[in-house]
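Have a look at the structure below before the remarks.
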Amino acid sequence: MTDRSSWTVTTHDWRTDLDVEHLAEVRDRLGDTEAAGGRRHLILEILAYANEEAESQGRAGTVIITVFPHGRVRVADDGRGTDTRRDSRGRVIRKPVMATADLRFRAEATAPLLPDGLPRGGMSTVPPIGVDLAGQVDSETYGSSLHYRWERGCPLVVI
């Protein structure tokens with residue numbers, strides 16, 4: 001167990017679970033989901049992240065997208081999981097992908113394009129524009145199942 005400030009930064013900075021300034025900047029820059037490429041682009045952001053998680057484990061994943069008549073969309077994957085670690089107090093910490101910037105995509109001009117032709121912004125560009133998310137992280141490493149909710153990008157209490 002180590003201090004979070006010493007953890008290797010790859011895609012996100014582990015030192016904080018919430019970057020309020022980043023989320024506000026996303027809302028200011030992207031506005032509503034139509035300005036951000038609509039619901040399709042948000043789904044592509046989620047799929048790109050799920051694909052990376054599967055690739056990191058050397059395998060292909062399965063994703064099921066369900067569009068409900070009232071407009072709500074469910075994207076469920078086969079549990080590849082977001083990186084989790086234990087902090088110096090023994091708490092299980094999930095990588096802060098929803099509420100902090102993906103450092104690889106901060107410069108929009110150099111971000112890879114998604115299939116809709118728009119630049120990738122990372123998972124943290126999905127919830128701040130009025131999208132509520134729920135997630136479950138099953139950690140074989142730590143023998144736990146953690147439930148999370150985010151409203152407009154802000155993590156809520158564990159369910």
Side-chain angles (χ1 to χ4, degrees), residues 1-19 22-23 26 33 36-37 39-68 72-108 110-129 131-151 153-159:
M1 293 185 284
T2 59
D3 179 24
R4 289 173 67 169
S5 66
S6 69
W7 293 351
T8 301
V9 173
T10 53
T11 61
H12 294 78
D13 188 338
W14 286 87
R15 290 177 293 184
T16 183
D17 292 324
L18 176 62
D19 182 345
H22 166 68
L23 298 178
V26 168
T33 56
R39 178 173 58 179
R40 180 176 181 229
H41 184 76
L42 299 178
I43 292 169
L44 289 172
E45 288 282 3
I46 295 167
L47 293 176
Y49 184 74
N51 185 58
E52 281 182 345
E53 291 296 322
E55 285 179 348
S56 74
Q57 294 183 0
R59 65 183 184 89
T62 300
V63 176
I64 299 170
I65 300 172
T66 307
V67 180
F68 297 96
R72 180 170 242 154
V73 176
R74 177 188 302 147
V75 180
D77 65 54
D78 62 349
R80 292 172 299 281
T82 298
D83 189 6
T84 57
R85 301 178 185 180
R86 283 202 188 269
D87 69 8
S88 58
R89 295 186 347 210
R91 296 175 298 175
V92 176
I93 307 294
R94 66 168 176 10
K95 184 169 33 169
V97 299
M98 299 292 186
T100 66
D102 189 315
L103 303 174
R104 301 168 297 171
F105 311 130
R106 292 290 290 181
E108 194 172 287
T110 58
L113 300 181
L114 290 172
D116 61 0
L118 296 172
R120 186 158 175 211
M123 284 297 293
S124 65
T125 62
V126 176
I129 28 186
V131 177
D132 294 341
L133 295 173
Q136 177 176 328
V137 177
D138 292 317
S139 174
E140 290 179 21
T141 305
Y142 301 114
S144 63
S145 181
L146 308 172
H147 298 266
Y148 295 95
R149 285 192 57 225
W150 297 266
E151 288 184 2
C154 296
L156 301 177
V157 295
V158 175
I159 300 170

With rounding to the nearest 0.5 angstrom, report the [atom1] to [atom2] distance, [X] to [Y].
X	Y	atom1	atom2	answer
Leu103	Thr11	CG	OG1	7.0 Å
Leu44	Leu113	CG	CG	11.5 Å
Thr100	Asp13	OG1	CG	7.0 Å
Ser6	Asp87	OG	CG	10.5 Å

Residues Leu47, Ile65; criterion side-chain contact (heavy atoms from CB on, under 4.5 Å); working and verdict: CA-CA 10 Å; Leu47 293 176; Ile65 300 172; 3.9 Å; yes
For the residue pair [Y] / [X], report whether a side-chain donor-acceptor contact shorter than 3.5 Å exists.
X	Y	answer
Tyr49	Glu45	no
Arg104	His12	no
Ser124	His22	yes
Lys95	Thr84	no

Quick one: closest heavy-atom pair of [X] and [Y], and the distance?
X	Y	value
Ala101	Arg106	CB-NH1, 3.1 Å
Phe105	Gly122	CD1-N, 3.7 Å
Trp14	Ile93	CZ3-O, 3.7 Å
Asp116	Leu118	OD1-N, 3.0 Å
Asp102	Gly121	CB-O, 4.2 Å
Leu42	Thr125	CD2-O, 4.1 Å

Val63 and Ile46, any side-chain heavy atoms less than 4.5 Å apart: no
Test item: Thr10 and Thr8 side chains (from C-beta on) under 4.5 Å apart, heavy atoms: yes
Criterion salt bridge (charged side-chain N to carboxylate O under 4.0 Å, His left out) on Arg120 and Glu52, from CA distance to verdict: CA-CA 13 Å; Arg120 186 158 175 211; Glu52 281 182 345; 2.8 Å; yes
Residue pair Asp17, Arg4: steps toward the salt bridge (charged side-chain N to carboxylate O under 4.0 Å, His left out) verdict: CA-CA 11 Å; Asp17 292 324; Arg4 289 173 67 169; 2.8 Å; yes
